[in-house]
Every structure is written in structure tokens, then in C-alpha cells.
Amino acid sequence: MAQSDTDLPQAAKKSLFQSLELDTRMLGMIGAFVVLCLGFDFLTEGRFLTPRNIFNLTIQTVSVAIMATGMVFVIVTRHIDLSVGALLATCSAIMAMTQTAILPDLLGFGLEHPATAWITILVGLIAGTVIGAFHGWLIGYLTIPAFIVTLGGLLVWRNVAWYLTSGQTIGPLDSTFQKFGGISGTLGTTWSWIFGVIATLFAIWALWNSRRNKIKHGFEVKPIWAEGVLAGIISVAILGFVAILNAYEIPTRRLARMFEDKGEVMPDGFTAAYGLPVSVLLLIAVAVGMTIIARRTRFGRYIFATGGNPDAAELSGINTRLLTVKIFALMGALCAISAVVASARLANHSNDIGTLDELRVIAAAVIGGTALAGGSGTIYGAILGALIMQSLQSGMAMVGVDAPLQNIVVGTVLVAAVLIDIIYRKRTGAK
Amino acid sequence: MTTPLVDMRNIRISFGGVHAVDDVSVDLYPGEVVGLLGHNGAGKSTLIKILSGAYQADSGEIWINGEKAEIHNPRDARRYNIETIYQTLALADNLDAASNLFLGRELVTGLGMVDDDAMEAECRKIMGRLNPNFQKFSEPVSALSGGQRQSVAIARAVYFDAKILIMDEPTAALGPHETQMVAELIQQLKAQGIGIFLISHDIHDVMDLCDRASVMKNGKLVGTVDVDKVTDDDLLGMIILGKHPGKGASEGSGEKSN
């Protein structure tokens, strides 16, 4: 049909940012994050941006960030999940009981048996997925609003966890299991560098592959220098991150103890660094997997279509009820993964694990640009959102802000972030 | 006598005690355009949503090409090559044109991944035919004008080899030029042997584009007439008064004088 002249392809020269085709919203978030970090670093006289603190910040973010990626899908389809913290607690309780009570009694596998950690994680994943799918069934097929189902779920699963463990703290957990927590499971310098280089090469390959595909179909591509700049930025970011984590050295006393455990004596002047934590690798794997689901699979396409217009999705032959079950099952599985990370980091299961995580997770997704109206949101945004929330919290703790004031600031930031997002969307005309 | 492409027999559906469609029978032959006329709430859209799988009839049968068809949802309808252009267009506003075109039927790569580039290339081809001015391939359809959105919805219906096309008020939101383009498209599709149900408020549209017209009022079928044999006023009388003009015109029972 006819259309106005303004739609003709723009021949005008593009600005630097346009050529790079970067998401301006993401740039804004990264900018805010950088300002936040520099601000805290200034206020703490250089204690915020140390390898040690960056390492801690990273491992503290992982649990919430993993769940936030699932929350993106939930919110994109116009639902909400208030039960993720409680579900995390139930998964954590089930896994703690599995490795300390059930496996030893049933199969005679004690803690430290090579299979214990893996069977435990599998049991936890199944539990999380089944519970999530059950939520999804109540929401999709019985049409109970997600808000109600998961509000009920919040009470139910928090207290199922309590009931299972009689409210006790259960620990210590299996040492292989604990490797997923952070400080007890890291790659060390060499493997971290190897990982960093492989990740960089993979990112460059992905950029090149996408460009080749566009050329094959005769679409317009970015100038080659822009691709180069982009590849450069990505490489610096990945390798820089690895370098920082590799700069965090294991304290000498702890190293000495590690040598003693092996019955050896530490050579003089020996140093070693932590490198990339396993939990961060897990987060990266989840982030890549979820991004591929969101952008490159039918499942992801249907999630966004349903969020944009549920009726249209239904009329296009998409089974939106089954889709809801799948989304909540995925959310449940991610809660189980987060439960592994959270309980492994603490080295035990405590009764209050994951308390208020539902709000942190929703806040991370929303600060990361997921619109509650549905239809839009990104995985990297949610992870960045989780990182901003965690930096704010630990930064204020380091500066010595009073506890009540910390929460007041976090709450205010959440509301302000959404306001800024609304203004931004209005300005740019995006939905 | 040829077999009708679509034969909807004695269809009934009610919502909370209201008989939205009450014992209605309509049919459609290949290469034919049948107009569905009636006031708002006469039941035309409801009837057609039963054919497209959005609603399920309480009773009645649908026969496609002489065989009884089971249509329980939109996926079933698509298997019978029934495509629908809804009045609301049924587009996911947050997705781009290509994603909407292929929604529910995405092209995938060997690894089962959605192949956006291939879909955009196909989308460019069909839009080049339907609406050569269309350029906004990478923007969400919420950024498009009414006519552009309409062309995406039409592209979606015609891309997948529709045999039976349902158009619900296809020109309601369009200007005169765009309406003319839809009219040309209908002639073109008709020539390819596609059967089209055209729902419209506009008697002139129906007189110009349709071979026959079925008129509904209060959920009941007033009658089906050959548009050549009736005047505008006859149709108007059917719509407003529910009065059938003479007994000469064919009833909606599948008789067609060829």
C-alpha cells in the first residue's frame, strides 16, 4: 500500500554511534554502572574497584542474575513470578537433604562420594522444573492469574523448605557441590586466560558470521571499521575482566593451608590467583543459552509474540497455554541452578536462604529494561540490572550507609530507573 | 455441479445464552468471492471465526472440498489452507514485519534455529509485490502506518498458498488509494482460484467485488443472493429489515447456477 516519503532509505551520513548500531539504552545502563562504580570507589578511597571487591561483587550477583534471566521471559509474557526466592529455598532444602540424609541412607553415598554432587544437582533441577511447570499449568490451563499463583507459591514453598529441614541449617555440603558457589571453585590463572581467549575468538566469529549472513542475503551491513571497533571493545571487555579476576591473589595463609592439606610445603614466594569462579561460568552459560533461546528459537519468538499481542499469537496457531507452562518450568529450573550457587556459596542450607530474592530478581529485570506491559526485555539487560543492584547494595555497605537507608536508596533507584526508562521510550518513540 | 470449497452447515454458537450464530449455512466455491453483510453484532465475524478456528461451534458441520473438516483451533484451520486477515490485523506490534509474516511458521536453519535473514529476504520479496514502497523491514510493526500494517497482514495470508481466504473488513482502516489496491489484489487472488469470504459493512464494496452475498441479522441468515440479480436497495432491505427479495434468488443451501 502507499506510504509516506519519509520511509525512503536514509542516505545521510550516520553518526559514530549509529554506525556501530549499539543499543543506546544499554549504553546508558553501562554508563550509569560506571558512574556508580567510580563514585563508590572515590567514596571508599579506592577500596571499591579492587580485584578482591570486583571478585566478591561478581559472585554475589550470580544467583540473582541467573533467576533474572528467567524472569525476563515471565515478565515479557505479561506474567510475574513472586515465588522465585521461596522456590530457591525449597530446591536448596531438597538438595541439602538429598546429599546429607537421603543419598547416604538410601544408596550409602556419603558426602564426598564422587556422584553425590551430581545426583543432588539433578534432583534439585527436576524439583525446580516440576514445581515451575505446575505453576505454569495453574496459570496457563486453569487461568489463575500468575500474581495469585506465585503469591501462594511464595508462602507454600518458603514453608515447604522449612518443613523439610525442620528449620535447621544443614551443612557442611559436599565439597564438589561447593565448587559452584564462588570462592571455593575457581579456574586459576591459566585456565581463566584460556577461557578468556576462547570466549573472545567465539565473539569475533559470531560477529563475522552474522555479517557474512547479511551479505549473503544482500542486506545493508555496518562499515568494516565499525565491526572492528566493536570486536575491539568486546575483546578488551572479556580479557580485561579475566585480567582483573586473575589479579586477585589467594591470601598466603590460605595457600599455605592448601599445601598442608596435600601434605606438601609451600615454596617460598609462591603466589596464585583465583581467576574465574565456576559460578560465573555458569552464569555466562545461562546468559548465552537464554539469549539464544530468546533470539534464535521458535520458543523465544513465541514468548515475545505472546507478550506483544496474546490474541495475535493465539490466532497465529501458537499454543499459548503450553508456552506458559514451558516458561514457568524454565523459571523453576533456573531457580534450582540459583539454589545450587546460593547454598554452595554459603557452604550450607539456611532456613532464610533466598528471602526477598523475588523482589531483587524482579527489580533486576525491570532495571534491565524489561517492560511490565510485556513484549520487550533483554537477557543482558537483566544481568546488568542485577549487577547494578548488587553494586549499589555492597557499595553502600562499604561506605557505611545505615542499613535502613540502604534499602530506602535501593527502592528509590528502582522507581527512578523505571521513570527514566519511560521517559527514554517516549523520547525515542519505542514501545 | 462442482463441490463447494467450503460448506458450513447449520452452524450454531451461543455465548452466555445469546445465540450469536443461529442455524446459519453458507458456502464458497473456488475462484468466488462471497460477501458477508450485516450490522454490527449480526454474527458475521463470529461465524467466520468458527471457520478460522478461533471459536468452536456448539453444533453444525464444516465441509472442506467435500470432506468433513474438524477445526478446533487456528492451527487446524491453517492445515486446511484457510488463512484469515482479521479486522484487528492480529499483529504482534513488538516484532518486525518478517517475524509477523512467519509467526507460527518460522523458517529454521539446519540446527532448528530461527532463520531471521532468510525470513527477511522472503518478506522483502512478497512485500515487493504487494507494496513496493515498503521499506521498514527492521522496525517493529508498531512503527508502521495503518496501510503498511494492513499490507503485512495481507502478505501473511497470501504468502502461504491459501486456498480459502477470509478477509474481515480489509478496507475499514484504509484510504481510497489503498482500498483500490486491495480490490485489485482480490481480483488477482480470485483469478488464481482462491475462494474468498469478504466481511464488509460497505454495500458498494460488496456489489463491486463479490459474486454472491450472504446477509445476516441477529445471528440468523437472512439469505444468500447473486449480486448481479439484486440492487443496492435489495441488499439494504435484507440488512435492515431482514427481508428476502423474492424467491428467485438462491438460498444459502449450496445451489449455484453455473
Side-chain angles (χ1 to χ4, degrees), chain A residues 1-10 21 76-78 209-221 292-323 371 373-377 425 428-431, chain B residues 49 52-54 73-79 84 86 88-95 99-100 102-106 108-109 111-118 120-121 124 130-131 133-138 140-151 154 156 174-175 177-179 181-182:
Chain A
M1 259 114 273
Q3 74 176 68
S4 58
D5 306 356
T6 52
D7 301 328
L8 293 170
Q10 289 173 335
E21 291 178 22
V76 161
T77 47
R78 307 187 181 186
N209 204 32
S210 147
R211 182 182 176 88
R212 202 188 50 175
N213 258 332
K214 285 209 162 72
I215 291 172
K216 193 176 86 188
H217 287 286
F219 303 157
E220 206 185 333
V221 289
I292 289 173
I293 289 175
R295 297 203 173 159
R296 308 283 295 157
T297 67
R298 287 189 167 162
F299 176 47
R301 186 58 46 89
Y302 297 166
I303 288 170
F304 282 85
T306 304
N309 186 344
D311 295 336
E314 185 79 48
L315 292 173
S316 300
I318 296 168
N319 188 342
T320 50
R321 293 172 166 203
L322 185 61
L323 190 76
S376 73
R425 281 168 205 261
T428 58
K431 189 187 166 245
Chain B
K49 278 186 172 165
S52 68
N73 54 47
R75 267 160 295 161
D76 290 342
R78 283 183 168 186
R79 273 200 285 279
T84 311
Y86 293 96
T88 54
L89 303 183
L91 298 173
D93 279 340
N94 54 334
L95 302 183
S99 300
N100 270 291
F102 286 94
L103 191 58
R105 291 180 281 208
E106 287 76 10
V108 291
T109 62
L111 292 170
M113 297 286 160
V114 169
D115 195 345
D116 278 314
D117 292 332
E120 186 175 332
R124 281 174 188 269
L130 289 177
N131 183 358
N133 293 325
F134 191 95
Q135 292 295 341
K136 290 185 173 175
F137 289 98
S138 53
V141 295
S142 59
L144 306 183
S145 71
Q148 290 168 341
R149 290 162 58 85
Q150 184 85 44
S151 58
I154 291 175
R156 179 164 62 178
L174 302 183
H177 176 66
E178 292 157 332
T179 304
M181 289 189 70
V182 172

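Order of the sequence lines fixes the chain letters, A, B, ..., with proteins taken first and strands second; residue numbering starts at 1 for each chain. Remember, predicted model here, so these are calculated numbers, not experimental data. Note: hydrogens, waters and symmetry copies are ignored here, and every other heavy atom, side chains too, is used.
Residue B:Arg156 touches chain A through its side chain alone, counting heavy-atom pairs closer than 4.5 Å. Proximity to chain A is absent for every atom of B:Ala77, based on heavy atoms less than 4.5 angstrom apart. If you measure heavy-atom distances from B:Asn100 to chain A, you find no contacts under 4.5 Å at all. With a threshold of 4.5 angstrom between heavy atoms, A:Phe304 approaches chain B through its backbone and through its side chain. For a residue to count as touching a neighbouring chain, one of its non-hydrogen atoms must lie under 4.5 Å from one of that chain's; by this rule B:Tyr86 touches chain A with the side chain only. In this structure, the portions of A:Asn213 lying under 4.5 Å from any heavy atom of chain B include both its backbone and its side chain.
Summarising the geometry of A:Gly375 relative to B:Asn94, their closest heavy-atom pair is O-ND2, 2.6 Å, with the distance given to 0.1 Å. Across all non-hydrogen atoms, the minimal contact from B:Arg78 to A:Ser316 is NH1-O, 2.8 Å. Here the closest non-hydrogen pair linking A:Ile318 and B:Gly104 is CG1-CA, 4.5 Å. The minimum heavy-atom distance between B:Ala92 and A:Ala312, with the atom names listed, is N-CB, 4.2 Å.
Although no hydrogens or angles enter the test, the distance criterion places a donor-acceptor pair under 3.5 Å between the side chain of A:Asn309 and the main chain of B:Leu91. Between the side chain of A:Arg298 and the backbone N or O of B:Glu106 there is at least one donor-acceptor pair closer than 3.5 Å.
Of all the listed residues (A:Ile292, A:Leu315, A:Asp311), the one sharing the greatest number of non-hydrogen pairs under 4.5 Å with chain B is A:Leu315.
Taking a cutoff of 4.0 Å between a charged side-chain nitrogen and a carboxylate oxygen, B:Asp117 and A:Arg212 do not qualify as a salt bridge.
Note that CG of B:Asp116 is 10.0 Å distant from CZ of A:Arg295, once rounded to the nearest 0.5 Å. Annotation: the span from B:Arg75 atom CZ to A:Asn319 atom CG amounts to 4.5 Å, rounded to 0.5 Å.
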